[in-house]
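Here the structure comes first, spelled out in structure tokens, and everything after it is commentary.
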Amino acid sequence: MSTVESSPPPNFIRTIIAEDMRTNRHGGRVATRFPPEPNGYLHIGHAKSICLNFGLAAEFGGTCNFRFDDTNPSKEDIEYVESIMYDVRWLGFDWGDRLYYASDYFEQLYGYALDLIRAGKAYVCSLSAEEIRDYRGTLTQPGKDSPYRNRSVEENLDLFRRMRAGEFKDGEHVLRAKIDMASPNLNMRDPVLYRIRRVNHHRTGDRWVIYPMYDFAHGLSDAIEGITHSICTMEYEDHRPLYDWILDQLDVPCHPQQIEFARLNLSYTVMSKRRLLQLVEKGYVRGWDDPRLPTLAGMRRRGFTPEAIRRFCELIGVGKKESTVDLALLEYCVREDLNRRAPRVMAVVRPLKMVVVNYPEDQVEWLDAVNNPEDPAMGTRKVPFSRELYIEREDFMEDPPRKFFRLAPGREVRLRYAYFVRCIDVIKDERTGEVIELRCTYDPETRGGGAPDGRQVKATLHWVSAPHAVEAEVRLYDKLFLKANPADEKNGTDFKDHINPDSLQVLQSCKVEPGLAQATPGSLYQFERLGYFCVDAVDSSPGALVFNRTVTLRDTWAKIVNAGKQKE
RNA sequence: UGGGGCGUCGCCAAGCGGUAAGGCACGGGUCUUUGGAACCCGCAUUCGGAGGUUCGAAUCCUCCCGCCCCAGCCA
């Protein structure tokens, strides 16, 4: 089956670039970049940006640089740079030899700062942080000029050099752009360009005690790298005049165009680094790779494939409108991908014993089972059938409601790839009344699952032969939050108030077919009729299998049940 | 009563003056040894609202309404 890659859907950024190409605006070049700050793990929102930047570059025959925006050593860490590189590679993108760090430009950036000072466009300000805030004014009132605003170029040069030399304490001075304290755009009210911070940087160590601010470093880094289109999220739109101002004052190689798009929000989860960090640090989840998190590490562990995530990023589109994508679309993308690639297998997650009374006690038959009906090339396998089996508890009801057409007393159903069985007796625990075993008869004529007499059954159940079953732990995941928009903290609520207490359900002693004993970490399966599962890459071992549920199968029966509950 | 941005179906999203694409979700059906998959059908006389321009407006103009972002020596 050849999947023809249809041309990507149009979006405003693609349109801008296509137009720039047509008019030869950047010399017919397209150069983008993905510039994460190494202060947290990448999440699905970053995936949108990664797909956009690398995708656009590939589409227009350009390049996409991978650059760490590491200008704030107090928040950044090597752990994050490593995870970020791993995740981008895993997602399927290759930056070749174009790996950069803003910190590699510190010396050049310092030179540009000197140029700005010489041009009379920047000055060393000795106000305290609080004073700077006061002088900035408010949204509706203009700011006031700093008393240090008119220091001479010589004095500024001297002071800035001494800032670098480490002659001052943290916070004693900053370098500021000299723009306009009355600008209606607060970013233009003499923004801070450099601050003193005696913090060890994960790459430059203690070579520097002054660090450039984002606004100063970012545009210049883009220019140094010859970026043509600097794509970022909407909150930077107000910074664009500053981005342009800085590049206009300096003698730079080129002047990239900043374009902003709306960041991704996903229902029933949180995306901000601040909130993800809280969930991780306060133990609401088990680390950055917790399968309930929208981090790429978490999604990978959960069983999401890079293909599914890329497809999702393609389907959501790119715009400037604040939006929240329905979790259902993400689930659709995983199912779409896993449906054609995941081998089918039988696993009983909540076992109920079934004894086939008329089946010979010592007999075992190895029956043919199809590995993937979507892909005959994946072949078949043998699964053992015997007198004692496990079926799913949910597949039996002593007193079934209308529309429930699985097993019930007296009813006949098909055991997938095996036989028709009829329930003739129900064994219960004398004390609790709980059903603990089913007695059935089988029809030898229906071997393989077809009835020569043409009689039909309304249901096909999955099952596992009891003596051959391999035990496993199965972790069922559900949405982390009960509220579609947990980040809405109006009315004095905290996003953590909406955590779903049942987001993780651990099932022990699940029974899986024997072939799974050799399953390797990370491998993906469809447990027939239940959903897609993967072998946990961290906690699973050959003798103690652990499976994560990636996503359930579409479940129309559950829909009927829920609809019924709604009515009550 | 500062500045910037955004408002097209429940959720995304095309459209850029010629008479509302597509996907998800949802509803119905066909088929089926997964209540899966696949396939078929349905789903905005209307584009935040009101005026105006035009033969013709979601697309142009005016006013209004709503939502988001900005007062870090964070990015």
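Note on naming: letters A, B, ... go to the chains in the order of the sequence lines (proteins, then strands), and numbering restarts at 1 for each one. All values derive from a computational prediction rather than experimental measurement.
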Between atom [atom1] in [X] and atom [atom2] in [N], what is the gap in whole Å?
X: A:Leu315; N: B:C11; atom1: CG; atom2: P; value: 18 Å
X: A:Phe261; N: B:A13; atom1: CZ; atom2: P; value: 12 Å
X: A:His239; N: B:G72; atom1: NE2; atom2: P; value: 11 Å
X: A:Lys273; N: B:G72; atom1: NZ; atom2: C1'; value: 15 Å
X: A:Arg311; N: B:G22; atom1: CZ; atom2: P; value: 15 Å
X: A:Asp326; N: B:A13; atom1: CG; atom2: C1'; value: 14 Å
X: A:Leu242; N: B:A75; atom1: CG; atom2: P; value: 12 Å
X: A:Asn372; N: B:U32; atom1: CG; atom2: P; value: 20 Å

Identify the residue among A:Arg344, A:Arg416, A:Glu528, A:Glu392 that makes a side chain to side chain donor-acceptor pair (under 3.5 Å) with A:His462.
A:Glu392
Does a distance-only test, which skips hydrogens and angles, find a donor-acceptor pair under 3.5 Å between the side chain of [X] and the base of [N]?
X: A:Glu374; N: B:G36; answer: yes
X: A:Arg133; N: B:G72; answer: no
X: A:Asp238; N: B:G3; answer: yes

Does A:Ser103 offer a backbone N or O that forms a donor-acceptor pair with the side chain of A:Asp70 under 3.5 Å?
yes
Using a 4.0 Å heavy-atom cut-off across all strands, classify [X] as base, sugar-phosphate, or nothing.
X: A:Val318; result: sugar-phosphate
X: A:Thr324; result: sugar-phosphate
X: A:Thr138; result: base
X: A:Glu331; result: nothing
X: A:Gly531; result: nothing
X: A:Leu139; result: base
X: A:His173; result: nothing
X: A:Tyr211; result: nothing
X: A:Lys48; result: nothing
X: A:Glu528; result: base

Ion pair present between A:Lys144 and A:Asp134, side-chain N to carboxylate O less than 4.0 angstrom?
no
Could A:Arg149 and A:Asp190 be called an ion pair, given the rule that one side-chain N must be under 4.0 Å from one carboxylate O?
yes
Taking only side-chain nitrogens and oxygens of [X], does any of them come within less than 4.0 Å of OP1 or OP2 of [N]?
X: A:Arg136; N: B:G72; result: yes
X: A:Lys321; N: B:A13; result: yes
X: A:Arg335; N: B:G36; result: no
X: A:Tyr332; N: B:C24; result: yes
X: A:Arg554; N: B:A37; result: yes
X: A:Thr71; N: B:C74; result: no

Syn or anti for B:G72, taking syn as within 90° of 0?
syn
[atom1] atom, [N] versus [M]: distance in rounded Å?
N: B:G7; M: B:C60; atom1: P; answer: 12 Å
N: B:A37; M: B:U32; atom1: C1'; answer: 9 Å
N: B:U54; M: B:G18; atom1: C1'; answer: 12 Å
N: B:A75; M: B:C61; atom1: C1'; answer: 40 Å
N: B:C6; M: B:A13; atom1: C1'; answer: 15 Å
N: B:C11; M: B:U1; atom1: P; answer: 29 Å
N: B:C31; M: B:A20; atom1: C1'; answer: 34 Å
N: B:C63; M: B:G5; atom1: P; answer: 16 Å

Measure from the side chain of [X], starting at C-beta and using heavy atoms only, and say which of [options] lies closest.
X: A:Thr140; options: B:G4, B:G2, B:G23; answer: B:G2
X: A:Lys320; options: B:C6, B:C11, B:A75; answer: B:C6
X: A:Lys559; options: B:G27, B:C74, B:A37; answer: B:G27
X: A:Glu235; options: B:U34, B:G5, B:C69; answer: B:C69
X: A:Trp557; options: B:G35, B:A75, B:G5; answer: B:G35
X: A:Leu186; options: B:C74, B:U34, B:G2; answer: B:G2
X: A:Arg197; options: B:G36, B:C73, B:G35; answer: B:C73
X: A:Arg195; options: B:A37, B:C74, B:U34; answer: B:C74

Taking the ring of [Y] and the ring of [X], is the distance between their centroids below 6.0 Å?
X: A:Tyr525; Y: A:Phe533; value: no
X: A:Phe106; Y: A:Tyr211; value: yes
X: A:Tyr419; Y: A:Phe385; value: yes

Please examine the side chains of A:Val124 and A:Tyr148, heavy atoms only from C-beta on, and report whether any two atoms are closer than 4.5 Å.
no
Pairing partner of [N] (Watson-Crick or G-U wobble, both distances under 3.5 Å):
N: B:G18; answer: B:C55
N: B:G2; answer: B:C70
N: B:C39; answer: B:G29

Quick one: do A:His218 and A:Tyr214 satisfy ring-ring contact (aromatic ring centres under 6.0 Å, His included)? Show the steps, please.
CA-CA 6 Å; A:His218 201 88; A:Tyr214 166 86; 4.8 Å; yes
